[in-house]
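A short worksheet on the structure shown next.
Numbering of ligands and ligand atoms starts at 1, following listing order.
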Amino acid sequence: MGLFITFEGIEGSGKTTQVTLAGEYLDGRNVSFLVTSEPGGCDLGKELRRLLLESASPWISERAELFLFAADRAQHVEEIILPALKEKAIVLCDRYCDATIAYQGYGRGLDLEVINIVNNYAARSLKPDYTILLDVHPERGLERVRSRSSAKEKNDRFEGEQLEFHRRVREGYLSRAKAEPRRFHIINADADVDDVFEQVKSILSEILGS
Ligand code: Z5A
């Protein structure tokens with residue numbers, strides 16, 4: 001099997017930016033890798049992503065939301081992640097199971113035990129080898145996403161949530177990291193892009209042993 005590395009953090013923590021830079025870094029090192037994301041890392045997931053994120057979607061209950069993210073993950077793991085790992089690739093994934101714990105569990109308040117069962121079933125119990133948590137203050141993260149250009153698809157269903165929601169999500173991530181300190185690497189993502197990437201690079205080189 002290859003190596004499975006996830007990037008997590010609240011909205012605007014810079015995951016997408018850092019996953020892209022991490023991919024370029026691996027590209028320069030001649031290793032086989034795949035950059036992917038949730039929701040929307042496979043064809044079915046793209047449909048689910050649209051439903052999950054567009055503010056024009058029909059009303060989605062909290063439990064339905066949990067199962068839509070799980071459906072995205074089930075397909076993504078089976079169709080994209082596991083085959084790449086079997087080919088011994090390094091898989092860099094922007095959000096995974098910890099996002100469901102943080103958002104649907106801490107953010108929405110759904111039962112954490114139920115979420116763990118749903119996550120494990122959807123993911124065929126596949127856990128990341130390492131998780132890089134980009135920790136940013138929610139005010140800073142939201143400021144970044146609200147001021148970015150409209151080039152990226154707007155994530156209105158989640159962007160519309162109150163600051164308190166994003167604070168709970170951050171707390172959820174930090175408590176996951178505390179519970180699994182060997183898997184999680186926490187990065188101060190309040191810093192500028194280059195400083196954050198220096199931290200990501202040093203973790204990657206430690207993981208890759210060079
Ligand atoms: N979700 C869920 O509820 N449950 C689940 O199980 C899963 C997901 C898997 C996915 O939306 C939403 O689904 C997400 C959680 C939920 N919603 N929220 N919140 P998405 O994929 O569209 O959004 P996202 O994952 O939150 O990504 P994002 O909004 O694009 O944020 P980001 O990836 O962390 O940041 P970014 O795109 O790299 O950067 C955002 C802006 O900040 C951009 O203009 C950058 O140029 C800028 N930036 C980045 N880093 C920096 C630094 N260091 N300094 C200054 N500016 C920066």
**OP:** Using distance alone, determine whether D94 and ligand 1 share an N or O pair under 3.5 Å.
**Re:** no
Subject >> Distance-only N or O hit between ligand 1 and F158, under 3.5 Å >> reply: no
Original post:
Could a heavy atom of R49 be found less than 4.0 Å from some atom of ligand 1?
Top reply: yes
Original post:
Would Y173 and F184 count as a close aromatic pair, with their ring centres under 6.0 Å?
Top reply: no
**OP:** For ligand 1, find out whether one of its N or O atoms is nearer than 3.5 Å to an N or O atom of E65.
**Re:** no
Original post:
Touching ligand 1 at all, E161? Heavy atoms, strictly under 4.0 Å?
Top reply: no
Original post:
Looking only at heavy atoms, which two atoms of L133 and A177 are closest? And how far apart?
Top reply: CD2-CB, 4.1 Å
**OP:** Answer yes if the side chains of R50 and S57 hold a donor-acceptor pair under 3.5 Å, and no otherwise.
**Re:** no
Original post:
Would you call E8 and R176 a salt bridge, taking side-chain N to carboxylate O under 4.0 Å as the test?
Top reply: no
Subject >> Proximal candidate to atom 53 (N) of ligand 1 [heavy atom criterion; set A191, A189, G14] >> reply: A191
Subject >> Geometric N/O contact K15 with ligand 1, under 3.5 angstrom >> reply: yes
Original post:
Does the side chain of T6 come under 3.5 Å of the side chain of Y130 through a donor N or O and an acceptor N or O?
Top reply: no
Original post:
Does any N or O in the side chain of R183 come within less than 3.5 Å of the main-chain N or O of T131, such that one atom is a donor and the other an acceptor?
Top reply: no
Subject >> R95-ligand 1 polar pair, N/O distance under 3.5 Å >> reply: yes
**OP:** Please indicate whether any nitrogen or oxygen in E38 is less than 3.5 Å from any nitrogen or oxygen in ligand 1.
**Re:** no
Subject >> With F4 via ring-ring contact (aromatic ring centres under 6.0 Å, His included) - residues at least two apart >> reply: Y96
Original post:
Is the shortest side-chain N to carboxylate O distance from R144 to E139 below 4.0 Å?
Top reply: no
Subject >> Heavy-atom gap G9 to ligand 1 smaller than 4.0 Å >> reply: no
**OP:** Assess A70 for proximity to ligand 1: is some non-hydrogen atom of it under 4.0 Å away?
**Re:** no
